[in-house]
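This report refers to the structure that appears directly beneath it.
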Amino acid sequence: MSSGSYDAIVVGGGHNGLVCASYLAKAGLRVLVLERREILGGACVTEELFPGFRFSACSYYCHLLQSKVIDDLELRRHGFHVYHIDPQKCSLFPGDRALVVWDDVERSQEAIARFSKHDAAAYPNWVRFWERAAGLIYPYFLRPAPTLAELAAGLRTADDQAFLDALVGASMEDVVTEFFEDEAVRGAFIQAHDAGDPAAPGSAWVYAYIKCNTFTPPENIGIVKGGMGGITAAMAAAARSFGVTVETNAAIAGILVEHGAAVGVRLSGGGEIRSRLVVSNADPKRTFLTLVGEQHLPAGFLRRVRRLKTNTAYFKFHAALNRLPDLSRYLGSDYDARYLGYARISPSIGYFKRSWEDAKHGRPPRAPVMDIQIPSGYDPTMAPSGKHIMSIWALYAPVHLAEGTWEERREGVGEQMIDTLAQYAPDFPECIADWQLFTPQDIEARVGLTDGNIRHLDIVPGQFLATRPMPGWAHYRTPINGLYLCGAGTHPGGEVTGAPGHNAAQAILAEFR
Ligand SMILES: Cc1cc2nc3c(=O)[nH]c(=O)nc-3n(C[C@H](O)[C@H](O)[C@H](O)COP(=O)(O)OP(=O)(O)OC[C@H]3O[C@@H](n4cnc5c(N)ncnc54)[C@H](O)[C@@H]3O)c2cc1C
């Protein structure tokens, strides 16, 4: 274990920890990153889950990684490469209908017209709506988080102000049903992410965060060469090139606090390392409730930390495939596996809502919404020759089960996902060589995410922009002097963006210099 003297210790080698460490080291600080797992990357990793089959074990779709971070860290020089996916998305419906959405708006309209001419005509307006909504937020990705009032003050016209006013309270269901009339088209476009319920007021506002991918250049959207671990491998190489010391198998048991200031860390394996400041890449609840310890924090602050929302969770299913499933009734025989760069099962808004209702009441959904990826169509190196891998991000998972334990339920939930997909591809069970299901509990154990929360905290109104992680604390500082947050629980939020790491480094450097 390193024993040199450091200006900054970064707790956790997730992608934001690596980004933050890189910027600090570039500015001349001596930086040590300590990661508890044997591999770096947190929720942005590639792992060989079955012999010869490598998977993006958690995140699997690169769409918000910031170009500035890619350039500043010279990630391409360190091997980062994305296979752009087009079609963007292929939604499958019971029967034989598929809706394929392309980068090209007119080509997408032709596909939508097979469902509804009205909806095909509305599609360009839908695209423009989200460009406008995301355009409100995107300028702040790499800047301090604005309050709503500050955001509104930056708008030029009364029309923009009216748009913001309407968006902030709108639900995804409001927006989708405003544009589209066909049940299947509505199902293909409905989303709710951490809001869960697509009817929840504000669910459209926070979805605009995800739609900031509208501004990501095509060469950075898609499937990462070598899996998502290709991103963090490049980041780790960049960090080391800037002089960062990076250690794995180095779990931190606690952050040392003396006289109200962070002065280093205590290692789980024993021993302490001192530093002038500490930056936590762990989520806010874990950072404050476990690593800092309640005795060092004001009671009011602690109460607010305990109330932070981690109420929305997801499953991740991985399968090693001996062959591609038969989807000929949708895509023709000998279909191109690249159609399954992002496939979706969400046949209607009602189906989506039932999945959320089940999870909300502690039940694994009887019919989960599934976002399916077969990346080996783009990157055959992920599987043995002629074979494939499939990963499914399944919505929604109960954070806490109403009945039983995950040990008792895991296999049944996985089998139910296989059965659900078999309704669309009947030979799917025979294609599977092996499979694994990650429950929220598994994700927590693997990555250290409280409640398995994939974005550290739900991205919901109240934990967004100047209120992320909580009002008054959106500036990466904490009540402990010299302790900062740099992970997905801070502005602008979760997903693989590099933005919290970038922003935290700027905040630290502004104070440290
Ligand atoms: C199942 C799943 C699917 C997802 N899908 C996508 C997707 O397709 N696209 C996308 O953009 N995003 C996706 N996300 C979200 C995205 O991956 C995360 O929001 C993002 O990776 C978080 O990065 P981070 O660096 O802030 O934190 P993390 O990745 O959580 O990293 C934190 C690190 O800190 C370490 N750590 C914690 N405690 C300690 C300790 N005590 N000592 C030492 N180290 C510690 C952890 O081991 C971890 O490596 C997904 C996430 C999950 C879990």
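The residues of the chain are indexed from 1 along the displayed sequence. Atoms within a ligand are numbered from 1 in the order they appear, just like the ligands themselves.
The six-membered or imidazole ring of F242 lies away from that of Y23, with a centre-to-centre distance of 6.0 Å or more.
Of all atoms in ligand 1, listed by their number and element, those nearer than 4.0 Å to a heavy atom of G42 are 29 (O), 31 (O), 48 (C), 49 (O). Each of the following atoms of ligand 1 lies closer than 4.0 Å to a heavy atom of H63: 11 (O). Against a heavy-atom cut-off of under 4.0 Å, G487 is close to the following atoms of ligand 1: 26 (O). The distance from ligand 1 to the heavy atoms of V447 drops below 4.0 Å at these ligand atoms: 30 (O), 46 (C), 47 (O), 48 (C). Atoms of ligand 1 found under 4.0 Å from any heavy atom of G494 (numbered from 1 in listed order, with element): 19 (O). For ligand 1, the atoms sitting less than 4.0 Å from at least one non-hydrogen atom of A488 are 19 (O), 22 (C), 26 (O), numbered in the order shown with element in parentheses. Every atom of ligand 1 is numbered from 1 in the order shown, and the set under 4.0 Å from a heavy atom of L34 is 43 (C), 44 (N).
Within the 4.0 Å heavy-atom shell around ligand 1 one does not find Y314. At least one heavy atom of C58 sits less than 4.0 Å from an atom of ligand 1. In this structure, P500 falls outside the shell of residues with a heavy atom less than 4.0 angstrom from ligand 1.
Atom 49 (O) of ligand 1 has its closest protein heavy atom at E35 OE1, 2.6 Å. Closest to atom 23 (O) of ligand 1 among all protein heavy atoms lies H15 ND1, 3.1 Å. Counting protein heavy atoms only, atom 10 (C) of ligand 1 is closest to E495 OE1, 3.2 Å. Nearest protein heavy-atom neighbour of atom 30 (O) of ligand 1: H456 NE2, 2.8 Å. Nearest non-hydrogen protein atom to atom 29 (O) of ligand 1 is A43 N, 2.8 Å. The protein non-hydrogen atom at the shortest distance from atom 6 (C) of ligand 1 is S59 CB, 3.2 Å. The protein atom (non-hydrogen) at minimum distance from atom 31 (O) of ligand 1 is G14 CA, 3.3 Å. Protein heavy atom at the shortest distance from atom 9 (N) of ligand 1 is Y61 O, 2.8 Å.
Below 3.5 Å of separation, one finds an N or O of I252 facing an N or O of ligand 1. On a distance-only criterion, Y60 and ligand 1 share at least one N/O pair closer than 3.5 Å. The distance criterion of under 3.5 Å between nitrogen or oxygen atoms is not met by R446 with respect to ligand 1. Considering backbone and side-chain N/O of N281, one or more are found under 3.5 Å from N/O of ligand 1. Any N or O atom pair closer than 3.5 Å counts here, and V496 shares at least one such pair with ligand 1.
For the 3.5 Å distance criterion, the side chains of D451 and T310 qualify, holding a donor opposite an acceptor.
The aromatic rings of Y61 and H63 lie parallel to each other, with less than 30° between the two planes, well short of the 60° mark.
When non-hydrogen atoms are compared, ligand 1 lies under 4.0 Å from the side chain of L291 (C-beta onward) but not from its backbone. Counting heavy atoms closer than 4.0 Å to ligand 1, residue M228 contributes nothing at all. When non-hydrogen atoms are compared, ligand 1 lies under 4.0 Å from the side chain of L449 (C-beta onward) but not from its backbone.
Going from atom CG of L297 over to atom CD1 of I480 covers 4.5 Å, rounded to the nearest 0.5 Å. Taken to the nearest 0.5 Å, the CG atom of D197 stands 8.5 Å off from the OH atom of Y396.
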**Message:** As a quick check of understanding, evaluate side-chain contact (heavy atoms from CB on, under 4.5 Å) for L483 and V292, giving each step before the final call.
**Reply:** CA-CA 9 Å; L483 174 64; V292 170; 3.5 Å; yes

| said: Quick one, F428 with M390, criterion side-chain contact (heavy atoms from CB on, under 4.5 Å). Give me CA distance, side-chain angles, the key distance, then yes/no. | reply: CA-CA 11 Å; F428 179 53; M390 172 191 277; 3.6 Å; yes

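Closest approach of M417 and P368 over heavy atoms only: CG-CG, 4.1 Å. Smallest separation of non-hydrogen atoms from S355 and A367: CB-O, 3.9 Å.
Each of D72, L142, D71 was scored for a side chain to side chain contact (heavy atoms under 4.5 Å, CB included) with Q66, with one residue passing: L142. For the ring pair (Phe, Tyr, Trp, His ring centres under 6.0 Å) test with H193, the passing option among Y314, W205, Y209, W393 is W393; the others fail.
Between E357 and K360, at least one side-chain nitrogen of the basic residue sits less than 4.0 Å from a carboxylate oxygen of the acidic one, meeting the salt-bridge criterion. Contact check on D194 versus K309 returns no salt bridge, with no Lys/Arg side-chain nitrogen under 4.0 Å from an Asp/Glu carboxylate oxygen.
By the 6.0 Å contact criterion, CD on E411 is open, its count of non-hydrogen atoms from other residues, nucleotides or ligands being 12 or less. Applying the 6.0 Å contact sphere to CZ of R446 captures more than 12 heavy atoms from other residues, nucleotides or ligands.
Considering only non-hydrogen atoms, atom 39 (C) of ligand 1 lies nearest to R36 out of R36, E444, E247.
In this structure, K316 is positioned above the aromatic face of Y60, its NZ or CZ under 6.0 Å from the six-membered ring centre and within 45° of the axis.
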